[in-house]
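We're numbering straight along the sequence, starting at 1. Scope of the values below: all heavy atoms of this structure, side chains included, with no hydrogens, waters or symmetry mates.
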Amino acid sequence: MKRRKVLLIIAGVMLMQTPFTVQASMPVPDLLPIGQLKLDKESSGESGQVSGNSLEAGAEDDMETAQDVLDEDAIGSSAILISDKTAEDYELAYERAKNANWGYTNLGIADVSDNLNIRAIAAEDGRLVGKLPRNAACEVIDTDDTWAHIKSGSVEGYVSLEYLLTGVPAKFKAEELAVTVAKVTTDGLNVRAEANTDSEVITLVAQGEELEVAAVEGDWVKVLLDDDEVYVSAEYVEVSAELGTAVTMTELLYGQGVSDIRVDICQYAKEFIGNPYVWGGTSLTKGADCSGFVMKVFQKYGVKLPRTSRTQANCGTTIKVSEAKPGDLIFYAKGKTINHVAIYIGNGQVVHASSPKTGIKISNVSYRSPFKAVRVLYD
């Protein structure tokens, strides 16, 4: 009898050491390590396909992680056996961590050389409702084999799925493209040369405008005003990471009574939105600075302009900013020294080669205080 008991005990111990599989009542998504989901680009290869264990722990404090959602419970295969969390809880945690993408649930990035057409319906002959500039972001609402239903900024419509990055490749691209911006929360914010109130006021920036952040330094935020590093008070801005968004057709069109040459120049200039800013450059495709961009655009239409913004400001006829028509030039200054030029395109907007991070873009004419306006077209 004693021998039988001993044999039973030995058999029980051996059984406990034998590996076994737990069958969940429903599929459980891949479990995350503790911390923020972070994709390892090197381990996934250039194609953006995840292979092996490419999920790493730890990242931004202000991002919701799977661990946050699960109320600090351990996450792992052993925790499944002892945790009171359901499979739905783990799935929710996974989705929230996975979708912490600059405010987008299903992120899409325009993968084009210029602009991606947004149409009212999923058809090539659909009415244009906007443009998604190169590398701009959108929320992907739904897709089929050919079209993606998206929303970006104030534009909603359909784009060709062929030219849209989604999933892991979109996450990788967004990491490269995200710009930290300071949104102005007061009207007429002083922009200063140095981080103190005794420093020279370079210009004023209107409420709602966004400035690219170079660094946060205590009570001051160092920002890029086009290609200059300047300072604003941290008290009057909200700092966040942003991705570019779509441009509406209203932003791309002009008022009545504008001459053909002015419309043509503005249309031509906007073909290069999203192309790079290069200091000293004059290539509309490979890179230009502000004055190089303006010089090359007008050169196509037989208007010869000098190379720098300061010398361009001495051309033509000086007019009031309020009198500017599409195709006129708007100049900006650091103090009283002109250091930037843009092309007015109507509807209170300019197109310009802004900075190395943002490249050629559209801005409000008052994104910083205009210094003067010049007319070089006589029609």
Pick out which of Val112, Leu128, Val129, Leu132 makes a side-chain contact (heavy atoms from CB on, under 4.5 Å) with Asn117. Leu128
Tightest non-hydrogen contact, residues Ser199 and Ala193, listed as OG-N, 3.4 Å
Scan for salt bridge (Lys or Arg N to Asp or Glu O under 4.0 Å) pairs involving residues 185-208, sequence neighbours excluded, and state none if there are none. none
Please name the pair of heavy atoms, one in Lys357 and one in Leu177, separated by the smallest distance, quoted to 0.1 Å. CE-O, 4.2 Å
Any side chain to side chain donor-acceptor pair (under 3.5 Å) pairs touching residues 209-219, not counting sequence neighbours? Glu209-Asn364, Glu212-Ser355
All pairs passing salt bridge (Lys or Arg N to Asp or Glu O under 4.0 Å) where residues 110-127 contributes a residue, at least two apart: none
Is a donor on one side and an acceptor on the other found under 3.5 Å between the side chain of Ser152 and the backbone of Ala246? yes
Salt bridge present between Asp289 and Arg307 (N-O < 4.0 angstrom): yes
Let me check something: do Leu329 and Leu377 share a hydrophobic cluster, defined by ILVMFWY side-chain heavy atoms less than 4.5 Å apart, either directly or through other members? yes
Donor-acceptor under 3.5 Å (Ser369 side chain, Leu204 main chain): yes
To the nearest 0.5 Å, what is the distance between CG on Leu116 and CG on Asn135? 11.5 Å
Check whether any side-chain N or O of Ser233 sits under 3.5 Å from a backbone N or O of Glu235 as a donor-acceptor pair, and report yes or no. yes
Distance-only side-chain donor-acceptor flag, Glu242 / Ser240, under 3.5 Å: yes
Only one of Thr203, Ile202, Leu225 forms a side-chain contact (heavy atoms from CB on, under 4.5 Å) with Lys334, so which one is it? Ile202
Under 3.5 Å, side chain of Thr311 to main-chain N/O of Thr308, donor-acceptor pair present? yes
Indicate yes or no for a side-chain donor-acceptor contact from Gln312 to the backbone of Leu305 under 3.5 Å, with no hydrogens or angles considered. no
Got a sec: does the NZ of Lys183 have more than 12 other heavy atoms crowding it under 6.0 Å? no
Only one of Val374, Val365, Val341 passes side-chain contact (heavy atoms from CB on, under 4.5 Å) with Ile330; say which it is. Val365
All pairs passing ring-ring contact (aromatic ring centres under 6.0 Å, His included) where residues 320-358 contributes a residue, at least two apart: Tyr332-Tyr367, His340-His352, His352-Tyr367
Going by the rule ring-ring contact (aromatic ring centres under 6.0 Å, His included), which residues pair with Tyr277 if we only count those two or more places apart in sequence or in a different chain? none
Pair Lys151 + Glu139, salt bridge at N-O below 4.0 Å: no
So, for Ile118 and Glu156, which heavy atoms are closest and what is the spacing to 0.1 Å? CG2-C, 4.4 Å
Would Val221 end up clustered with Val230 when hydrophobic side chains under 4.5 Å apart are linked, directly or stepwise? yes
Members besides Tyr158 in its Ile/Leu/Val/Met/Phe/Trp/Tyr cluster (side-chain heavy atoms under 4.5 Å): Trp147
Search all heavy atoms of Lys336 against all heavy atoms of Phe371 and return the closest pair with its distance. O-CZ, 3.9 Å
Mind running side chain to side chain contact (heavy atoms under 4.5 Å, CB included) on Leu224 and Asp228 for me, showing each step along the way? CA-CA 5 Å; Leu224 293 178; Asp228 281 334; over 6 Å; no
Which atom pair, heavy atoms only, marks the closest approach of Pro133 to Ile273? CB-CG2, 4.3 Å
